[in-house]
Protein chains: 2
Amino acid sequence: MNQILVVDDDQELRTTLVEVLEQEGLQAVAARNADDALEQLKQETYDLILLDLVMPGTDGMTAIPLIRKQAPRTRIIIMTAYASVQNAVQSLQQGGDDYIVKPFKIDGLMLTVRLNLQKARFCEETEAVDLDKIFNGLANSLRRQTLQLLSRQGQMRFMDLVRALEVEDHTKVNFHLKALREAGFIDQTADKSYHLTTNGQRAATCLSYICKSLEA
Amino acid sequence: MNQILVVDDDQELRTTLVEVLEQEGLQAVAARNADDALEQLKQETYDLILLDLVMPGTDGMTAIPLIRKQAPRTRIIIMTAYASVQNAVQSLQQGGDDYIVKPFKIDGLMLTVRLNLQKARFCEETEAVDLDKIFNGLANSLRRQTLQLLSRQGQMRFMDLVRALEVEDHTKVNFHLKALREAGFIDQTADKSYHLTTNGQRAATCLSYICKSLEA
DNA sequence: TCGCCCTGTGAAGAAAACTTCACAAGAGAT
DNA sequence: ATCTCTTGTGAAGTTTTCTTCACAGGGCGA
């Protein structure tokens, strides 16, 4: 069951959000400011946080790194008012995962929430993979790009991959694809298209997580 | 300089969008349908595409995978006239990066555009520089153990470290400590004790996060 | 059929990473 | 002063990883 924490100083919006989320079958809890939220994070782990940027006391922007430290795996969605490009950009740099512009429609909110929960899900599905394999897979820039491309595209044929990576010598790509296949990160379909395996998806997610944490 | 491609069958909106984007200091080019867009993608690489979902001829939804194939790194923002979740979800699944609901305000558009350009830029930078360092630091088992030890202990002297790692040859440890220091992960105090730097702490956090997600 | 692109293999060489060894300056104890 | 432990350096050698090259079968359009 997905636990969601709503952080907003507006009593009415807070209540509405919790109701809406619960109607959608999600468990939601509210906090009225950042400090309360941090307190609640100590008691309970959440899958996702809806965080207002503008609040009295500790504001959302300041809270992001603190939340990240306390709950590195929780996805943070920033709720920001129109017309503040800087704020939104900055909040993502601070470690936010996504944003939604206020005022928003329920549909738009749920879309964002569901997408982010989906992205977070990888944390739970697991089977032991040894670290050497993971890091060997991720140690090389070309392999990282490959994982990201495949993660994004779903599947790609060999030559498309070569061109996307902008590598002149296709055998070089072949070498790394072999390495990735041996690491169990990628596989081929009947028509020879490459795609990520479950472990590959996991590695790709690790990668994007690390990217994000460097952003902070 | 950021290159943007606007794809919309509405002549007026197309022109307006290009003007607005150029006023904001971005380079924008327009295409009046998906096939033209694909043609232009062959000539030039774009950082971002604003794509209308409903168009005569090849529609936006169909175009997404084709664009992705041609320009895998370009960010695709869907403009959808129907605020329907289905369309948006489906377009994201097809490989879109973000969406915006028509009619939209200039502010909202620019927010979305800027955020997506930011994300794209960030991906490139990180891929180029930081990640090689990070993974070089984490690629080796001895170095990982060192990071974990220092993370737990705060600081340790050289020989204590050697013994904790159960390595016979102290120069071997020395080699890896040097690598970690060059990666900017560790540093020494005046009394020669080793400790993590900020980046080192970050790397250690990444590491423990990954471990955790693999165990679960 | 011919030529061309796709997909791939294997070997050889180059580069990077890692280990081992030989040695040494300083600090402290005896 | 001598001994030992700590904390290194640098060179040489080994192993692993990466790149490059030469080649080859299959498919497909002209």
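Between B/T16 and B/E12, the side chains place no donor N or O within less than 3.5 Å of an acceptor N or O (distance only, hydrogens not considered).
Partner of B/I67 under the side chain to side chain contact (heavy atoms under 4.5 Å, CB included) criterion, chosen from B/L5, B/I76, B/V7: B/I76.
Side-chain atoms of A/S151 never come within 3.5 Å of backbone atoms of A/A204 as a donor-acceptor pair (strictly under, hydrogens ignored).
Between B/M110 and B/L21, some side-chain heavy-atom pair lies under the 4.5 Å cut-off. By the 4.5 Å heavy-atom criterion applied to side chains, A/D160 and A/R157 are counted as neighbours. Using a 4.5 Å cut-off on side-chain heavy atoms (C-beta onward), A/L109 and A/L50 make contact. A heavy-atom distance below 4.5 Å is found between the side chains of A/L177 and A/T146.
Atom CD of B/E182 and atom P of C/dA16 are 14 Å apart (whole Å). Computed from coordinates, the A/K192 NZ to C/dT9 C1' distance equals 12 Å when rounded to whole Å. We find that CG of A/N136 is positioned 12 Å from C1' of D/dC18, with the value rounded to whole Å. Taking atom CE of residue B/M156 and atom P of nucleotide D/dT7, one finds them 11 Å apart after rounding to whole Å. Between B/Y194 atom OH and D/dT6 atom P there is a gap of 14 Å when expressed in whole angstrom units. Atom P of nucleotide D/dG8 and atom CE of B/M159 are separated by 9 Å, given to the nearest angstrom.
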Let me check something: any side-chain donor-acceptor pairs from residues 35-45 of chain B under 3.5 Å, sequence neighbours excluded? List them with distances.
unit_1, atom_1, unit_2, atom_2, d
B/D35, OD1, B/T58, OG1, 3.2
B/D35, OD2, B/T58, OG1, 3.4
B/D36, OD2, B/R32, NH1, 3.0

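End-to-end axis angle for the helix from C/dT1-D/dA30 to C/dT30-D/dA1, using five pairs per end and rounding to 10°, comes out at 10°.
Contacts between residues 163-175 of chain A and DNA chain C, counted as heavy-atom distances below 4.0 Å, involve A/R163, A/H170, A/T171, A/N174.
The side chain of B/H176 lies closest to C/dC18, out of C/dG8, D/dT6, C/dC18.
Of the side-chain N and O atoms in B/R143, none sit less than 4.0 angstrom from OP1 or OP2 of C/dA17.
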